Colleague: 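I have a structure here, written as structure tokens, and I will follow up with some questions on it.
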Amino acid sequence: MRLDAKALRYMSSDDFRVLTAIEVGSRNHDIVPTPIIAQLSHIRGGGVNRHISDLVKRKLIASETNSKYIGYKLIYAGYDYLALRTLSKRGTVTSVGNQIGVGKESDIFVVAGEDEEQVVLKVHRLGRQSFRNVKNKRDYFRQDQSPSWMYMSRLSAMKEFAFMKVLHEHGFPVPRPVDQNRHVVVMGLVDAFPLRQITEVGEPGKLYSTLMDLIVRLAKHGLIHGDFNEFNILLQENGEPVLIDFPQMVSTSHPNAEYYFNRDVDCIRTFFKRRFGYESVLYPKFRLDEEKEFSLDVQVAASGFTKKDQAQLEKYQEEVGANQNEAEASDYYNNDEEVSDEEFVYSGDEASDAEPSAKGKEAVDGGDMAGDDESDSEFITETDKLGNTVRRRRTPADAEGN
Ligand SMILES: Nc1ncnc2c1ncn2[C@@H]1O[C@H](COP(=O)(O)OP(=O)(O)OP(=O)(O)O)[C@@H](O)[C@H]1O
């Protein structure tokens with residue numbers, strides 16, 4: 001995935017007006033005809049054609065023909081540009097740096113934020129891993145009938161940001177929420193390793209209790225993570241966990257709340273047994289009569305991420321099987337073949353019906369998802385300050401011997 005921020009500088013404000021006009025026009029048109037683009041961008045005459053062909057060349061939009069006319073639509077990169085431009089105007093992103101992660105449905109970058117501080121930029125890309133699973137995928141492409149992938153990615157980013165905000169405000173260990181626009185979330189950079197990469201901890205019992213306490217504390221606040229596992233928990237050097245990803249977070253009043261709660265608990269139990277040989281007879285049980293301290297689920301709904309949004313995302317997750325436990329699903333994702341971003345068109349049509357699939361986490365995590373294979377030279381196993389054995393990706397600093 002490319003997120004070539006340098007190219008932002010070479011975009012004129014008219015280029016952006018045309019790009020924005022296509023975004024706006026997409027609400028009512030599968031493919032936006034040139035006269036509408038001219039009208040929405042207020043660029044008259046031949047000017048608009050020049051900008052359009054420029055944007056096509058830069059692969060920010062794609063041209064498409066239907067039975068009546070030739071029109072244009074945004075593709076991934078174009079949507080990225082619009083979000084980046086907004087974030088940079090707000091000053092929450094000042095330059096784009098390196099990609100540090102590829103999730104199943106996101107790309108993660110470390111970028112400079114306000115005052116040059118390093119922050120994480122997460123670009124949501126719903127649909128990337130799931131084309132082959134979706135039963136009614138055509139529905140997602142027809143904007144007039146149901147949400148497009150672009151829209152779903154935006155909802156997913158809104159959800160992540162809304163939850164991160166309320167959780168952060170209530171002292172939960174999550175990254176600091178910085179900003180959100182379209183399908184992009186900006187958050188604090190957490191200096192930690194995913195639990196998935198930790199092969200040994202000093203006191204597994206202590207960490208186990210901390211994590212179970214976190215599950216219970218969330219429930220007391222009206223929430224269930226729904227995907228509480230070694231991929232979504234980062235472990236800091238002081239031994240404290242940070243939750244980074246909550247795509248499936250649901251209210252404790254959700255009809256399947258008990259199932260999700262138990263699955264979170266089981267995930268941790270299974271992981272601790274397998275990875276650290278640690279087992280405990282003590283583990284939390286779901287209790288609806290639990291005295292709720294807060295109803296964060298209600299606060300999230302009030303924050304702008306509505307119940308309707310939540311329901312739409314849930315429908316999507318059911319369709320693609322995304323509410324499958326991530327650890328169980330990892331083998332499946334590893335088998336996906338690589339796909340180029342250009343092939344992935346958001347709204348649409350026949351052309352987007354090809355089946356691009358996940359790059360999968362392996363693009364960044366190396367062989368990690370496939371198992372515990374330590375032989376990958378992309379990775380280093382070392383001991384951190386707390387005596388935990390951790391496995392991490394090699395950086396240029398390692399090559400320089402720093
Ligand atoms: N705030 C952060 N600070 C540091 N690293 C982060 C942060 N957010 C994400 N990462 C890194 O990026 C990786 C992927 O992030 P995340 O789990 O949010 O993406 P995702 O698309 O939801 O991935 P998946 O669904 O495959 O787990 C994480 O495992 C972590 O290594």
Side-chain angles (χ1 to χ4, degrees), residues 1 3 92-93 97-113 117-130 133 149 152-153 155-157 159-161 163-165 167-168 172-180 183-198 225-237 240-249 267 271 313 316-317 320-334 336 357-366 368-370 378-379 390-395:
M1 133 91 200
L3 195 68
T92 46
V93 172
N98 297 323
Q99 182 160 9
I100 59 160
V102 180
K104 289 194 307 291
E105 296 194 296
S106 73
D107 291 305
I108 316 271
F109 300 83
V110 173
V111 305
E117 179 204 13
Q118 285 198 317
V119 289
V120 164
L121 186 123
K122 178 167 172 178
V123 186
H124 286 245
R125 305 215 184 273
L126 264 61
R128 176 160 74 189
Q129 57 100 353
S130 28
N133 288 9
W149 295 115
M152 297 311 292
S153 297
L155 272 191
S156 173
K159 174 171 182 173
E160 177 161 44
F161 193 68
F163 277 99
M164 201 183 290
K165 256 182 112 168
L167 291 172
H168 193 259
F172 280 91
V174 295
R176 180 175 58 87
V178 176
D179 203 357
Q180 181 253 321
H183 59 325
V184 176
V185 173
V186 185
M187 65 183 110
L189 174 66
V190 180
D191 186 12
F193 297 105
L195 190 53
R196 170 71 181 163
Q197 292 178 19
I198 312 262
H225 188 282
D227 199 16
F228 197 88
N229 61 42
E230 65 271 26
F231 298 94
N232 295 330
I233 298 162
L234 301 184
L235 198 60
Q236 300 176 103
E237 288 215 352
E240 291 300 321
V242 177
L243 276 176
I244 50 160
D245 191 22
F246 3 91
Q248 292 172 49
M249 202 159 238
C267 236
F271 178 75
L313 264 182
Y316 160 83
Q317 284 168 340
V320 302
N323 52 1
Q324 204 178 358
N325 178 301
E326 186 165 19
E328 289 163 7
S330 63
D331 284 347
Y332 172 80
Y333 299 119
N334 257 356
D336 284 343
S357 57
K359 282 180 192 165
K361 255 187 135 87
E362 74 273 25
V364 162
D365 284 1
D368 194 18
M369 289 282 284
E378 286 267 287
F379 288 83
V390 299
R391 186 162 175 264
R392 67 171 173 82
R393 194 174 168 81
R394 243 174 238 284
T395 65

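As the structure lists them, so they are numbered: ligands from 1, and atoms in each ligand from 1. What you see is a predicted model, and the numbers here were worked out from it, not measured in a lab.
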Colleague: For ligand 1, does K122 get within less than 4.0 Å through its side chain, its backbone, both, or neither, judged by non-hydrogen atoms?
Modeller: side chain
Colleague: Atoms of ligand 1 less than 4.0 Å from E105 heavy atoms?
Modeller: 21 (O)
Colleague: Got an N/O contact under 3.5 Å between D245 and ligand 1?
Modeller: yes
Colleague: Under 3.5 Å between some N or O of ligand 1 and some N or O of G188?
Modeller: yes
Colleague: Pull out every atom of ligand 1 sitting under 4.0 Å from any heavy atom of S106, numbered as shown with elements.
Modeller: 19 (O), 20 (P), 21 (O)
Colleague: Any nitrogen or oxygen of P175 lying under 3.5 Å from a nitrogen or oxygen in ligand 1? Just yes or no.
Modeller: no
Colleague: Would you indicate which of D107, V110, I108, I233 comes nearest to atom 14 (C) of ligand 1 when only heavy atoms are counted?
Modeller: I108
Colleague: So, are K122 and D245 salt-bridged, with charged N and O less than 4.0 Å apart?
Modeller: yes
Colleague: Under a 3.5 Å threshold, yes or no: a donor from one side chain and an acceptor from the other, between Q99 and D107?
Modeller: yes
Colleague: Give a yes or no on this: more than 12 heavy atoms of other residues, nucleotides or ligands lie within 6.0 Å of atom NZ of K165.
Modeller: no
Colleague: Would a 4.5 Å heavy-atom cut-off, applied to side chains only, mark M187 and E160 as touching?
Modeller: yes
Colleague: With no hydrogens and no angle check, just 3.5 Å: does a side-chain donor-acceptor pair link S106 and H124?
Modeller: no
Colleague: Mark up the atoms of ligand 1 that fall under 4.0 Å of a heavy atom belonging to M187, in ascending order.
Modeller: 1 (N)
Colleague: Nearest heavy atom to atom 4 (C) of ligand 1 wins, so pick from N229, V190, N232, V242.
Modeller: V190
